[in-house]
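Comments concern the structure below.
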Amino acid sequence: MADSTAESSGGPKMSLTMKIMIAMGLGIVVGVILNTINNDFLNTQLVAGFFGMIGKMFVNALKMLVVPLVFFSLLGGVTGIGDIRVLGRVGSKSFVLYLATTALAITVALVLATIIGPGKGFDMTGIDASGINAAEAPSVWNVFAAIVPTNPIQAFASGEMLQVIFYTVVLGIAVLMLGGRSKPFIEACDYMNDVMMKIVDLVMRAAPYGVFALIAKTFAEQGIGLFVPVMAYVVTLVAALMIHLFITLPGMLKLLSGLNPVTFLKKMRPAQIFAFSTASSNATIPVTYQCATERVGVDKDVASFCIPFGATINMDGTAIMQGVATVFLANVYGIDLGLVGYITVIGMAVLASIGTAGVPGVGLVMLTMVLGQVGLPIEGIAIILGVDRLMDMIRTAVNITGDAIVTSIVAKGEGKIDMEIFNDPNAGTTGEDEVELPHHAVA
Ligand code: ASP
C-alpha cells in the first residue's frame, strides 16, 4: 500500500503507517484537551468547522474512489479469473465463509455478554429517548431480491454496492463469453484499474491529516466522560470484539489456510487504522484491497472480487455489537430473551449485515430492527448512543479484518496467494507509490 519507507534523496523518510499512527495519537490528545477546555468558539470553529471540514474532505475522497475502483477491479477480477466455474467457486466459498464468520461473531458476543451480564441495575433516569425510530426488519426474500438493480446507472450513482457488484459480475461474465473480441476492453479496464490505484496512492498522502482531524473531532466532541455510565457495555463489547479479532478470526485463518495469523494481522494494520478513523468499511475498500494484494500477497483477481463483496455483506464487528447491545438492554429492562430470542438475534444480525452497506452508524439502524424483533424497547438505544461513534470505529476495524481473512482463506484454497509476498515483512512498503510527475509538470 502507500506505505512508503523508501529512502529518497532527502534522506530516510518515515513510513506512512507510522505517520498515520502518530496522527491518531495526536488526534486523541488534542481532542481530549479540547473537550476539557470546552470553549464555544473552539468547538464551533476549530472542532466542528475546521477539523470537520478536513475529516469530511478525506472521507469524501475515499468514498469517491469506491464505486469506480470496485467496478474496474471487479471487472478485472472476473475477467482475470477467466473461468466461470472458478468464479462460482470463489463466490460461493466467500459467501458461506462471510455468513459463518458473522454468525460465529454474534454467538461469541451473546455468550460473553450473558456471562458478564452488563446492564443489570442500570439507572434509566436522565436518558432522553425522544427521536429514536425503529427501522423495519427486512424479509429474507427482499434482501435477495434487492441484489438485482432495475437501473445500473442508479445503482452506481447511489453507491448500492450489492447491486454494483451484481451488475459488474454479470457484465464481466458477458465479456468473458465474447472471448477474443473482448481483449481490448479487458486491457482498457486493467489500465483504468491502475489509474484508480494511483488515485488511491494520491489520496493516501493526505491520510495523516485526515486521520488526525477525524480522531481529534471525535474525541473533542465525545470526551471520555461519556463512557462512565455505560462502562459495563463498553467493556463487554470491546472484550468481545478483541476476542473475535485476536482469537476467533486468526484461529479460522490458521485452521482453514495454514497462514501465520501474526504476520497477517501486522500486514493488515494500515487498513485497520483507516477503518478505525473513518468508521466505514466501504470507504476503507481501497486500503483493504491494497493491504490484501500488496502486503498479504492475495491475487488481485480474487481480492478484487472478495474485498468489496465482504465490505458489503460481512460485518462481524457490527454483529458483535448487536449481540452485546441486545443482552445489555434486556438486562437494563429486566427482560428475559430466552433461547428463541437469542436465535432471532443471530438470524437478524446475519441477515441485516448482508443487506446493509458499510457506512458509519449503520449498525445502530440494524440494532433497531433486532430490538424490534425480540420485543425490546427501541428507546433503549438512547443509552448507548453517546458511545456509539467510538464503538463504531472499533467494530469497523474488526469488520474489514474479517473481510480480509475470508479473502485470504479463499485465495489460499485456490492457490492464489503469493507466499513470497506474504513472508516478506517489507512487501508493499517500498516506494512504488512515489508520484512520478513528468519534469515539466514538476517545474
Ligand atoms: N460502520 C460500520 C462499517 O462500515 C457499520 C456499523 O457497524 O455501523 O462497517
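In this chain, residues are counted from 1 in sequence order. We count ligands from 1, going down the list as the structure has it; atoms in each ligand are counted the same way. Values below: all heavy atoms of this structure, side chains included; hydrogens, waters and symmetry mates excluded.
For the residue pair Asn314 / Thr102, a side-chain donor-acceptor distance below 3.5 Å is found, with atom types taken as modelled.
Residues that satisfy the side-chain hydrogen bond (donor to acceptor under 3.5 Å, both in side chains) test with Thr79, not counting sequence neighbours, are absent from this structure. Gln272 meets the side-chain hydrogen bond (donor to acceptor under 3.5 Å, both in side chains) test with Thr401; sequence neighbours excluded.
Around ligand 1 you find Ala279, Ser280, Ser281, Thr318, Gly358, Val359, Pro360, Gly361, Val362, Gly363, Asp392, Arg395, Thr396, Asn399, each with a heavy-atom distance below 4.0 Å.
Ring-plane geometry between Phe328 and Tyr233 is classed as tilted, the angle between the planes lying from 30 to 60 degrees on a 0 to 90 degree scale.
Between the CE atom in Met197 and the CG atom in Asn193 there is a gap of 7.0 Å [rounded to 0.5 Å].
Evaluation of the ring-ring contact (aromatic ring centres under 6.0 Å, His included) test over residues 196-218, restricted to residues two or more places apart or in two chains, returns Phe51-Phe212.
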